[in-house]
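Data first, discussion second: the structure below is written as C-alpha cells.
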There are 2 protein chains.
Amino acid sequence: MSALATGSPRHRQIADALRRSIRSGVYERGTQLPSERELAEEFDVSRGTVRQALATLRAEGVVASRKGARGVVLAEPRAQSFSELLSFSAWARALGERPAGRVVELARRYADAADAHRLDVTEGDPVFFLVRVRMLGDAPVMIERTTFVESVGRLVASVDLEADSIYARLAERGVVFAHARHYVSALAADNEDAALLGVEPGTPLLRQVRRTTSPEGMPLEWADDRYLGDAVSFVLENSSGSRHAARVIGTIPEPRGDGALR
Amino acid sequence: MSALATGSPRHRQIADALRRSIRSGVYERGTQLPSERELAEEFDVSRGTVRQALATLRAEGVVASRKGARGVVLAEPRAQSFSELLSFSAWARALGERPAGRVVELARRYADAADAHRLDVTEGDPVFFLVRVRMLGDAPVMIERTTFVESVGRLVASVDLEADSIYARLAERGVVFAHARHYVSALAADNEDAALLGVEPGTPLLRQVRRTTSPEGMPLEWADDRYLGDAVSFVLENSSGSRHAARVIGTIPEPRGDGALR
DNA sequence: CAGTGGTCTAGACCACGTG
DNA sequence: ACGTGGTCTAGACCACTGA
C-alpha cells in the first residue's frame, strides 16, 4: 500500500480506489454502488469530486448510472491507457509479451497529397516515412507504416528503432502525443503485406489508419497499421451519452475534409 | 434558429451551439477558443456548466485543452451518436441512405455456452436468434446475427423486421439500450457469409462483436456483425486522459471473464 | 507577470426511481 | 414520500502558459 499518487488529483485517486474495490470484489458486477453522497463522505471530498471520478469509470464502461437510481457495476476494469493503444511496445509489455520490431524502411521524403492533407503541411514539404514489422515473440502480427512531420521525424531517426518504443523516447524529448483519431476497416493483404507478414496474399487484415496530434492540436504523425485479423482486435466502450466512436461509409477519407463523409 | 431544445440541459445546448459555431467557421480549425470565463459570460452560465459542455467536445475530439493555455479547435464536429452506432437504420438514415434489411432467420432457441456467458443467463434458457442482411440502396453491406434475451426477443418477434429499426421500436416499448462494448477484428468470409453478401468466400470482412446492456447493466443482446471491408469503417477518438478504447490479443473473448485477456 | 485551464467546495433545485 | 443522480451556481486556489 501507500506510495500511490500523493500528488495526483483527488478525483483520480478516488477513481483508482474504486477500480481497485471493484477488482477486489468489494463491489461486485451487477450490484449497486454506494450513493454519491456516501462516497463523498467516505473519501472526505465534495460530491463534485466524486462525480468527476465516476465520470471516468463511466467512460471506461466500468459503471453505469441513471437519474433516480444508484450506479451499478457493469464490468471489471480493464487495464489500458492511451499510450497502450498508441504504442505497440507499451501495449505488448503490459500484456507480458516481448515486443519486437524489424525496420523495413526509414526514409526522408517529400509529402504527397495524402501526407499534406493529414499532417497539415504543404505538398513537397519534407516528412519521415517509417515501415516496421511488429512481432509478439517470434510471430509477426502487424505492419506499421508511419509518416512523421519533419520535426518529429528527425528525432525518430536518432532512436534505436529495433528495440525501443518510439513514443517513450519521444516523450523523453518533450514530444507529447495527446489525441488520436482512428479509422478501422478490413482489407485483403496485398503482395507486400503478405510477404512481410508471411501469409498468403488475400489474407484478411484489420486496417487501422491513425492521425495523432499534440496537445495544441498540431498533427505529429499519421499511420497505416495492418494487423493479422485473427491476432488482434480492438475494444471500444460506448454509452448513450458519449460520441467517442462512429461508423462511416467507405474506408479511409482521402481527399478532403479531415472528417470523412460529406 | 429557435425551437431547439428548450427543455434539454444547458450544457448540452452550449455544446450544440459551440459545435455549430465550429462548423460554420466562427471558430476555425487550429485556432483558439475564447476562455472558459468568457464563454460563461457569453452564455450567461457558471464556468462549471461551460466546462461540462467542453468535456463533451473534448471526448468527441473536436477540441483539446491543456493547463495554462486556451482550448484549440482540432476538427470539424462529426454527426454521430450512440444510437447511430447501434442501429444500422438510424445510421443509414442520418447519412441520407435508404436502409433495408432481409430477414434470413428468426428463431426461438436455447442458450448455448456462448449465449449464456454473454447474456448472463443459464445454458438452456430460451433466447431469440435473428439473422439479417442489411443493405444500402440495393447493395448488401453487412450480415447481422443477433441473440436477444427472451424478454426482449419476444418484442422483437412482433416487429416488422424488413422495414423498421428494431431499436426504435424497442425504445417505444421502454427497452433502453444504454451501453455497449464492441470487439472489432477482421476475418475471411465463410461460405454462408459469402452467399449472403454475394461475394467470394475468403473476402475480408470487418467483424464487430457487440454486447449491449440496459441502464441497469443487464445484458439485452449480443451480436456478431460482419461488414464488407471496403464498405464501412469505424472511427474512434482517443485522448490521453480517456480509456474508451483498447487493443487485445486474439479475436473475441469466448469462455470466461467478460473482459477478455486474463 | 497576468491570464488560463484544472481542481475543488458547499451549497441548491429538479426529475426521476423505487419502496 | 424519499432518496437518487443530473444539473447548476459562485465562489476559491493552484500550476501552468505565454508574452
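Below, chain A is the first sequence line, B the second, and so on; all start at residue 1. From a predicted model like this one, the values you see are computed outputs, not experimental measurements.
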Check the distance between [N]'s [atom2] and [X]'s [atom1] and give it to me in whole angstrom.
X	N	atom1	atom2	value
Glu36(B)	dA12(D)	CD	C1'	15 Å
Leu33(A)	dG5(D)	CG	C1'	12 Å
Ile14(A)	dG6(C)	CD1	C1'	15 Å
Leu39(B)	dG3(C)	CG	P	17 Å
Asp44(A)	dC8(C)	CG	C1'	12 Å
Leu54(A)	dC8(C)	CG	P	14 Å
Leu57(A)	dG5(D)	CG	C1'	15 Å
Glu38(B)	dA2(C)	CD	P	18 Å

Under a 4.5 Å cut-off applied to non-hydrogen side-chain atoms, are [X] and [Y] in contact?
X	Y	result
Leu57(A)	Arg19(A)	yes
Arg58(B)	His179(A)	no
Leu39(A)	Leu18(A)	yes

Closest to the 5' end of DNA chain C, once Gly71(B) and Glu216(B) are matched to their nearest nucleotides, is Gly71(B)
Exercise. With distance as the sole criterion, do the side chain of Arg37(A) and the base of dG5(D) form a donor-acceptor contact below 3.5 Å?
Worked result: yes
Think [X] has a side-chain N or O under 4.0 angstrom from the OP1 or OP2 of [N]?
X	N	value
Thr49(A)	dT7(C)	no
Arg66(A)	dT4(D)	no
Ser65(B)	dG6(C)	yes
Ser35(B)	dG3(C)	no

[X] side chain: which of [options] is closest?
X	options	answer
Gln52(A)	dT17(D), dT7(C), dT9(C)	dT7(C)
Arg70(B)	dT9(C), dT4(C), dA10(D)	dT4(C)
Arg51(A)	dG18(D), dT7(D), dC8(D)	dT7(D)
Arg47(A)	dG18(D), dT7(D), dT9(D)	dT7(D)
Lys67(A)	dT4(C), dA10(D), dG6(D)	dG6(D)
Pro9(B)	dC8(D), dT17(D), dT9(C)	dC8(D)

Paired with Val152(B), the side chain to side chain contact (heavy atoms under 4.5 Å, CB included) test is passed by just one of Thr147(B), Thr146(B), Val175(B), namely Val175(B)
Smallest heavy-atom separation, Tyr110(B) atom then Val127(B) atom, equals C-CG2, 4.3 Å
